[in-house]
Amino acid sequence: MKTGFELIDVLTGYQSAAAVAAACRVGVFDALAAGARTADEVAAVAGLAAGPTGALLAALAELGLVGRDGYALTPLAERLRRGGDLEPLVRKEAFFAAVWTDLDATVRTGAPRLAPWRDRLRDEPEVARNFLAALVVLARETGPDLTALPEFAPGRRVLDVGGALGSYAVPLAAAGADVTLVDLPEVAAWARTCVPPTVRVVEADVLEVAACGAAPGSVDTVLLSHLLHDLTDAQCARVLAEARRALAPGGAVVVVEIPSDAPGTMGPLFDLMMRIETPGKARKVNELEDLLHLSGLPEVREAAYPRPVVVLIGETA
Ligand SMILES: C[S@@+](CC[C@H](N)C(=O)[O-])C[C@H]1O[C@@H](n2cnc3c(N)ncnc32)[C@H](O)[C@@H]1O
């Protein structure tokens, strides 16, 4: 990086994020729902101050979210309206932006800034549920198409461990896999309201139960998507060993993660995010492979998906 505007761009990166989040919250995108408006009209409709609203719309135009000639919604901004499908993502990142202002504390102490996930489910259920709703959006918009893998072929008995609101369980079941989603009780209750009846939902703490809540030897594929990064090494070893125990002969464990050695700043910044948020961390691809080997899966290979996501398949034989 050079000094000058390259440095300034990094230091002011928070501003674009704040502009989009504020526009969502104060209803700028909703005020444009009926068609193009001037900044003054948007301010009047949404009950905002005209000057800053004009500056905000000009910034949104430069970000490509509204047109430049008379402010009009782009298809993407349409989805950022209140109740739009991208709104949970904006709310999730706005929440974390506030937490990241105290990154110093995590770097100094090594402790996450957030309370344990189970406490957050109890104390901040709306924030926690919005977080999981945002993961559904992320899976749909940026996640790997797991239906392309033979491990998830129609009829395969799949256990989606930490399946949340069905980020992957729903598309896998729609493609014909026989999917059981397992998650903590609060999340399982939410999942039952989100997933189709073809997805079985089981409530369990997979750190406490045998075979991740399944009958031993009853599962063809265990999916662990974005779960290991929430866990310590010891917890990963336990969950993977129990996942291995759930497998039928010839079965596989599939791990989906963003590794800490993903290209560019993505990998290390994602690792920092996990350390701020959880007792876990992002791991390098070879560290994930080692965890799978140690759980008794001799064959580990990577499926062909583009980074930053890595999909590892650990086979029983
Ligand atoms: C980061 S989310 C990933 C959700 C989903 N697999 C995805 O890829 O979008 C982690 C999920 O694991 C669940 N989870 C965390 N610890 C768990 C535990 N001990 N037992 C069961 N589920 C757990 C959380 O409730 C959450 O739904």
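Note that the structure is predicted; figures quoted are calculated from it, not measured. Remember, it's 1-based here, ligands and their atoms both numbered in the order they're listed.
Considering backbone and side-chain atoms together, Asp205 places an N or O closer than 3.5 Å to an N or O of ligand 1. Looking at Ser167 next to ligand 1, an N or O pair under 3.5 Å apart turns up. Not a single N or O atom of His229, backbone or side chain, sits closer than 3.5 Å to an N or O atom of ligand 1.
Protein heavy atom nearest atom 15 (C) of ligand 1, with residue, atom name and distance: Leu227 CD1, 3.6 Å. Given atom 26 (C) of ligand 1, the protein heavy atom at minimum distance is Asp183 OD2, 3.6 Å. Among all non-hydrogen protein atoms, the one lying nearest atom 10 (C) of ligand 1 is Asp230 OD2, 3.5 Å. Nearest non-hydrogen protein atom to atom 1 (C) of ligand 1 is His226 O, 3.1 Å. In terms of protein heavy-atom proximity, atom 24 (C) of ligand 1 is nearest to Trp117 NE1, 3.2 Å. The protein non-hydrogen atom at the shortest distance from atom 5 (C) of ligand 1 is Gly162 O, 3.4 Å. Atom 20 (N) of ligand 1 has as its closest protein heavy atom Val206 N, 2.9 Å. Counting only heavy atoms of the protein, atom 2 (S) of ligand 1 lies nearest to Leu135 CD1, 3.5 Å.
With sequence neighbours left out, the salt bridge (Lys or Arg N to Asp or Glu O under 4.0 Å) criterion links Glu299 to no other residue.
Atoms of ligand 1 found under 4.0 Å from any heavy atom of Ala164 (numbered from 1 in listed order, with element): 4 (C), 27 (O). Within ligand 1, the atoms closer than 4.0 Å to a non-hydrogen atom of Tyr168 are 8 (O), numbered from 1 in the order shown.
Contacts with ligand 1 closer than 4.0 Å are made by no heavy atom of Val161, backbone or side chain.
Distances shorter than 4.0 angstrom occur between a heavy atom of Ala204 and an atom of ligand 1.
Counting only distance, with no hydrogens or angles, the side chain of Glu41 and the backbone of Thr38 share a donor-acceptor pair below 3.5 Å. The main-chain N or O of Ala98 is found under 3.5 Å from a side-chain atom of Thr101 such that the two form a donor-acceptor pair. Without hydrogens or angle criteria, Glu277 side chain to Met274 main chain gives no donor-acceptor distance under 3.5 Å.
In Glu126, the CD atom is not crowded: 12 or fewer heavy atoms of neighbouring residues, nucleotides or ligands sit closer than 6.0 Å.
For the pair Arg245 and Glu242, the salt-bridge criterion is met [side-chain N within less than 4.0 Å of a carboxylate O]. Residues Arg118 and Asp205 are paired through a salt bridge, judged by an N-O separation under 4.0 Å between the basic side chain and the carboxylate.
In this structure, of Leu121, Leu231, Leu184, Leu223, the residue bringing a heavy atom nearest to atom 23 (C) of ligand 1 is Leu184.
Less than 6.0 angstrom separates the ring centroid of Phe131 from the ring centroid of Trp117.
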Which donor-acceptor pairs under 3.5 Å do the side chains of residues 208-231 make with protein atoms, sequence neighbours left out?
unit_1: Ser218; atom_1: OG; unit_2: Ala215; atom_2: O; d: 2.6
unit_1: Asp220; atom_1: OD1; unit_2: Arg157; atom_2: NH2; d: 2.9
unit_1: Asp220; atom_1: OD2; unit_2: Arg157; atom_2: N; d: 2.8
unit_1: Asp220; atom_1: OD2; unit_2: Arg157; atom_2: NE; d: 3.1
unit_1: Thr221; atom_1: OG1; unit_2: Glu151; atom_2: O; d: 2.6
unit_1: Thr221; atom_1: OG1; unit_2: Arg156; atom_2: NH2; d: 3.0
unit_1: His229; atom_1: ND1; unit_2: Glu257; atom_2: OE1; d: 2.9
unit_1: His229; atom_1: NE2; unit_2: His226; atom_2: O; d: 3.0

Q.
Could you go through Asp145 and Thr147, starting from their C-alpha distance and side-chain angles, then the distance that decides it, and tell me whether this counts as side-chain hydrogen bond (donor to acceptor under 3.5 Å, both in side chains)?
A. CA-CA 5 Å; Asp145 175 12; Thr147 64; 2.5 Å; yes

